[in-house]
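All residue numbers in this chain count up from 1 along the given sequence.
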Amino acid sequence: MGGKRVRIHTNFKPNKCCKRSFVGDVDDRISQLPDDILVDILSRLSLNEAGRTSVLSSRWTNLWKHTPYLNFDLGQTVLDKLYGQRKLFKREKRKYVKWVNSVTRSHKSLTLKEFKIRFALDKSARKAITRWLEFAFSRQVESLELDIKNNGDTSTNYCFPIELLIASKLQPPSDSVCIDHPRMLVDFKSLKELSFRSVQVGDAAIEFFLHNCLLLEKLIVHHSEKISKLEICGSSLKLKHLEIVYCFGLKSLKVSAPSLTSLKVTSLDGLLLENVPMLVDASVSCNDDSISIEHLFSLLSCCVSQLQTLCLALTRRNFRQEVNELFELPKMPKLKKLVIVYLARGYENLIRLASFIRASPYLVEFVLKGCK
């Protein structure tokens, strides 16, 4: 192998340990860097790690407060330890809210690249969550993720306040706005990625973001029961990635987005796809016994020939009917990866899989996942 040769000068000698210093010395090369470079370095650390650098010297005291990345994700391991421990959970929830409040109050950057909340919060933290959203939008946030783990109890979900949209610069303020603290000047124009998980957000709010956030490329909504009839349409939409998952109140979803490349849905009721010429990655669920495989592919008819990755979640259905359907699957000439999440028993699954593979002559990767 032809590697690059490195010339080592014979007069090079490393500094002795006794002459090294870490802070305030001329050999402390890192502290001599410009502030913007130091902030960029701190942005690559976790918030806790970045905050600890404030004790190094007076030069470092406030540098971490200028990071444009605020990720308040403690990790799934921490959340798992709290599950089922009511007293510990309440104590940790108070600590989490206090932590986020402290950081947002002292933060100094005028703009945010990322703002992420991920913790098991409920309606009791409503005021704090609303203030955090206002803070993020007032800093022209580019990527916002609000992930509130609720263990399936949607009755305690935080409801996204429509008042925030009315109070924005994009629409004139209204006398009916009911925000019980001094209002920040929010701005959604810089938003590129928006994710709501276990947040009750409705059709009007989603469509507002779509039509007023002209840079929006990624939209994720999980576990919201307020979505009913949603239209994601527009020739000027920049949207590339869309997920509408486990929104059990959804009755219809119309998608017409010329830049869309990735789609994930778990309800096929009222699904209508139009003008999605760039769609190459689709993940759909067919968990309703009233929906046949044939109907599923008819919903994907406008894009099935261009798909490169397809993930299907299927449930057990009548054996004979499935065999007839699967032998008539449409060809997927560009499909490279097929993922099937499948619930079946006995030998009928082999017949299913053979039909899918025959419909994908250029398949490179096949993944089979079992579900309980």
Side-chain angles (χ1 to χ4, degrees), residues 117-126 129-130 133 144-166 176 178 188 191 193-213 216 218-234 237 239 241-257 260 262-274 276 279 282-292 295-296 298-300 311-315 317 341 343 371-372:
I117 296 293
R118 186 170 184 259
F119 196 80
L121 301 170
D122 52 26
K123 291 180 179 179
S124 64
R126 178 183 61 84
I129 297 172
T130 300
L133 289 174
L144 174 69
E145 181 173 347
L146 186 57
D147 185 357
I148 301 176
K149 305 294 181 180
N150 63 359
N151 298 318
D153 185 6
T154 58
S155 65
T156 63
N157 278 6
Y158 170 78
C159 294
F160 181 84
I162 198 70
E163 295 85 5
L164 273 182
L165 308 183
I166 302 173
S176 63
C178 300
F188 307 99
L191 199 60
E193 299 182 358
L194 179 63
S195 177
F196 290 127
R197 300 174 190 264
S198 298
V199 175
Q200 296 289 17
V201 57
D203 302 337
I206 295 300
E207 292 179 7
F208 174 92
F209 284 116
L210 287 168
H211 297 304
N212 290 283
C213 304
L216 191 64
K218 185 175 184 178
L219 175 62
I220 297 175
V221 182
H222 288 203
H223 293 99
S224 174
E225 295 181 345
K226 293 184 69 176
I227 291 181
S228 176
K229 297 179 180 180
L230 188 59
E231 291 193 4
I232 300 176
C233 305
L237 289 180
L239 195 66
H241 180 90
L242 175 65
E243 290 186 26
I244 306 295
V245 175
Y246 302 126
C247 297
F248 298 113
L250 185 65
K251 297 178 180 178
S252 65
L253 173 62
K254 182 179 179 181
V255 180
S256 176
L260 191 69
S262 177
L263 172 69
K264 183 176 182 179
V265 293
T266 52
S267 174
L268 300 179
D269 292 334
L271 177 64
L272 177 61
L273 298 180
E274 297 178 343
V276 286
L279 185 60
S283 176
V284 296
S285 297
C286 186
N287 298 324
D288 187 346
D289 281 347
S290 65
I291 297 178
S292 65
H295 179 57
L296 184 154
S298 71
L299 297 175
L300 300 175
C311 179
L312 296 175
L314 307 174
T315 58
R317 288 176 43 79
V341 182
L343 175 63
C371 62
K372 298 178 180 180

Quick one: pull up [atom1] in [X] and [atom2] in [Y] and give me the separation to the nearest 0.5 Å.
| X | Y | atom1 | atom2 | result |
| --- | --- | --- | --- | --- |
| L312 | L300 | CG | CG | 7.5 Å |
| C213 | L237 | SG | CG | 11.0 Å |
| H241 | L260 | NE2 | CG | 9.0 Å |
| R197 | E243 | CZ | CD | 6.0 Å |
| Y158 | R126 | OH | CZ | 8.0 Å |
| C247 | L230 | SG | CG | 8.5 Å |

Margin query: According to side chain to side chain contact (heavy atoms under 4.5 Å, CB included), who are the partners of S228, at least two apart in sequence or on a separate chain?
Written below: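 With sequence neighbours excluded, S228 shows a side chain to side chain contact (heavy atoms under 4.5 Å, CB included) to D203, K251, given in chain and number order.
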Non-hydrogen atoms of [X] and [Y] that approach each other most closely:
| X | Y | value |
| --- | --- | --- |
| L272 | E274 | CD2-OE2, 3.7 Å |
| T266 | S285 | CG2-OG, 3.7 Å |
| S262 | L279 | N-CD1, 3.7 Å |

Quick one, [X] and [Y] - any side-chain contact, counting heavy atoms below 4.5 Å?
| X | Y | result |
| --- | --- | --- |
| I244 | I206 | no |
| F188 | N212 | no |
| L133 | L164 | yes |
| L216 | L210 | yes |
| I227 | F196 | no |

Notebook entry, point to check: For the rings on F160 and F209, is their centre-to-centre separation under 6.0 Å?
Noted result: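 Centroid separation for F160 and F209: below 6.0 Å.
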Notebook entry, point to check: For I148 and N157, what are the C-alpha separation, side-chain angles and deciding distance, and is it a side-chain contact (heavy atoms from CB on, under 4.5 Å)?
Noted result: CA-CA 8 Å; I148 301 176; N157 278 6; 5.9 Å; no
Next item on the list: Could I get the full list of salt bridge (Lys or Arg N to Asp or Glu O under 4.0 Å) partners for R118, not counting sequence neighbours?
Entry: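 Per chain and number, R118 pairs via salt bridge (Lys or Arg N to Asp or Glu O under 4.0 Å) with D73, D147.
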Note to self: Determine whether L299 and L296 satisfy the following criterion, side-chain contact (heavy atoms from CB on, under 4.5 Å), listing intermediate values before the conclusion.
What the structure shows: CA-CA 5 Å; L299 297 175; L296 184 154; 5.6 Å; no
Item checked: E225 side chain vs F248 backbone, donor-acceptor pair below 3.5 Å ->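 No, E225 side chain to F248 backbone: no donor-acceptor pair under 3.5 Å.
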Margin query: Please enumerate all residues that pass side chain to side chain donor-acceptor pair (under 3.5 Å) together with S267, with sequence neighbours excluded.
Written below: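 Checked S267 against side chain to side chain donor-acceptor pair (under 3.5 Å); zero matches.
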Margin query: The test is side-chain contact (heavy atoms from CB on, under 4.5 Å); show your working for I232 and L242 and say whether it passes.
Written below: CA-CA 9 Å; I232 300 176; L242 175 65; 3.5 Å; yes
